[in-house]
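Quick note on labels: first sequence line is chain A, next is B, and so on, each numbered from 1. Just so it is clear, the model here is predicted, and its values are computed rather than measured.
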Amino acid sequence: MPLRFFNTYSRKREEFAPRDPGSPKIDIYTCGPTVYSRAHIGNFRAYIFEDLLQRHLEARGFKVHRVMNITDVDDKTIRGAHEAGVPLTKFTQQFKDAFFKDADMLRIKRADEYPAATDQRYIDKMISMISALISKGLAYQADDKSVYFRINKFPNYGKLAHFNLDELQSTGRVKHDEYDKEHIGDFALWKAWDKEDGDVKWDSPWGPGRPGWHIECSAMATALLGDQIDIHCGGVDNIFPHHEAEIAQSEGVTGKQFVRMWLHCAHLLVDGQKMSKSLGNFYTIPDVLAKGYTGREIRYALMRVNYRDPLNFTWNGMQEARQSLERIDEWLDRLRECAGDKIDSGRIDSHFGHEFEDALDNDLNISAALGFLFESISESNRAMDENKLDAKTAAAWLTWWERINCVLRFEPGDARVRALVAQTGELRLTGTLVAEKIPTEVARLAKERAQARLAKDFRKSDELRDKLNALGWEARDTKDGQKITRRAGA
RNA sequence: GGCGGGGUAGCCAAGUGGUAAGGCUGCGGUCUGCAAAACCGCUAUUCGCGGGUUCGAUUCCCGCCCCCGCCUCCA
């Protein structure tokens, strides 16, 4: 089945192939955070989408080289540093650290490189690109000393967003230096130093200043990935002006098609509105964790809807994510018990097809892929209920799970490891998971409860179950004895 | 005004020119001392609205309504 993605440029689903058809190498550039405050879960929806994209491409045998930029100089970072009374680099560092911490929490695979806009290497590259644009007549220095891109000289400007330049309207959200620019749509490549910038400045042929926002991506992308990249991703709000500007700058310098495929992620909504810093309707990862949810539950909640559809964030949705993951966890536990010592001898039988991967091939249709997973869960659960699943097949299911989980990364985490306490009170490990140490108090209560049950003292047994519950553990009676697990989200 | 995305059960959501996957919730059943989990069953004669094409449309075409986003800070 061919890999197909919706290319924003053509507005069509297109078959994807690497630049070099004979090579599995793919270069991806993804727009990263501006580190002026903590990223919110709407931002992370885009990063989760990119993670899914990368992991699926890798599952399909491609060698992905991914770059994500860190914007660490712009109006907001400068203002934030000024207000905090600390140097810019110190101000941005805390949000860089927080970004990686949050990304790890969501099990987002690290990009190969995280270039920062303030790295002198890229400042130099930006300056050389701007010089090239000026020499080609595609840019000019205005009276305010800033350098602007001359969009009227770049015929393709507006092609990505499908905008007609004559119809661009100012929304009044941003102050324009309309007197200095030739065209309202001309965007800054180099911003001349202003006293509000303080000591944030770099030397350039046009005087001291700092880079415009868009040029950094063109510079870092071409510096690290070359003149042409396979896939470029971002949120839909980056289509215009940011990605439009990137095309103009990059192609203006190189004369080559900059990006072969543009993929854009729809917004995360809150109460039907875009989650954004400016509206104040946002949650950060720590906000959601504080409500008792785990990183993988957030991951599930952000990943389960196709990336091109708006996704409404709700606490009900978080609860659904938790319950769905619980279902997967229970299934894995049953399979591991069923597989027993055959657990490592799993081999994929022919009936374990590739429907999961096939679904993702179609523009990352995660809903269809998860639908197939849950159908598989029902099917194998039924077989286990009927005692028709042998250990080898159970092991094969687990092997299949390991395969698709390379993309999903939904396995229980360290903080939520499942363990068994048999009636004897002995600790037993399930499958390949490492058991979390059951607190001695919990183990003691569990043992006491097992004894009460043997004595048919159900009143005491129920009281002990309530106590375990209060401690965040769940006691369940199975035919193999009492089972103690961490409660969901605990 | 221009350019996009979306509207499928209580909620989330897939999908196809041939009669609606899956998840969550709820209800009934099996199992259980009771639960839990799992399994079984039930829950949209219908896919925003109105036309058209067709033997047949949720799916294609035309018109309209609603929601969200972008139009130079935004993932």
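Backbone-only engagement by Gly234(A) is indicated by non-hydrogen atom pairs under 4.0 Å involving sugar-phosphate atoms exclusively.
Taking atom C1' on both nucleotides, U8(B) is separated from U59(B) by 12 Å, rounded to a whole Å. Here the separation of G50(B) from U30(B), taken at their P atoms, is 44 Å to the nearest Å. Rounded to whole Å, the separation between the P atoms of C61(B) and G7(B) comes to 15 Å. Between C67(B) and A38(B), the two C1' atoms lie 40 Å apart (nearest whole Å). Separating the P atom of A14(B) from that of G23(B) is a span of 15 Å, rounded to the nearest Å. Taking the P atoms as reference points, C34(B) lies 13 Å from G29(B), given to the whole Å. Spacing of C1' atoms, A37(B) relative to A21(B), comes out at 24 Å, to the nearest Å. Across C71(B) and G56(B), the matching C1' atoms stand 43 Å from one another, rounded to whole Å.
Proximity note for Lys274(A) (side chain, C-beta onward) versus A14(B), G69(B), G5(B): the nearest is G69(B). Checking G22(B), C3(B), A14(B) against the side-chain heavy atoms of Ala368(A) singles out A14(B) as nearest.
Under the Watson-Crick or G-U wobble criterion, with both distances below 3.5 Å, G33(B) has no partner in any strand shown. In this structure, U72(B) forms no base pair with any nucleotide, since neither Watson-Crick nor G-U wobble geometry is met with both distances under 3.5 Å. Look at C24(B): its Watson-Crick or wobble partner, with both distances under 3.5 angstrom, is G10(B).
If you look at Phe99(A) and Tyr47(A), their ring centroids are closer than 6.0 Å. A centroid separation of 6.0 Å or more is found between the aromatic rings of Phe372(A) and Phe356(A).
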Treat primed atoms plus P, OP1 and OP2 as sugar-phosphate and everything else as base, then score nucleotides 27-39 of chain B 5' to 3': B for base contact with protein heavy atoms under 4.0 Å, S for sugar-phosphate contact only, - for none. ------BBBBSSS
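At a cut-off of 3.5 angstrom, the base of G23(B) holds at least one donor-acceptor pair with the side chain of Glu320(A).
How far OH of Tyr140(A) is from CG of Leu189(A): 9.5 Å, rounded to the nearest 0.5 Å. With values rounded to the nearest 0.5 angstrom, Arg449(A) atom CZ is found 9.5 Å from Asp466(A) atom CG. Between atom CE of residue Met129(A) and atom CH2 of residue Trp190(A) there is a gap of 14.0 Å, rounded to the nearest 0.5 Å.
Between Val305(A) and Leu269(A), the residue anchored closer to the 5' end of RNA chain B is Val305(A), taking for each the nucleotide with the nearest heavy atom. Toward the 5′ end of RNA chain B lies the nearest nucleotide of Asn312(A), the other residue of the pair Asn312(A) and Asp186(A) mapping further downstream.
Using a 3.5 Å distance cut-off with no hydrogens or angles, the side chains of Tyr307(A) and Asp363(A) do pair a donor with an acceptor.
Here the closest heavy-atom approach between residue Gly292(A) and residue Arg322(A) is recorded as O-NH2, 2.9 Å.
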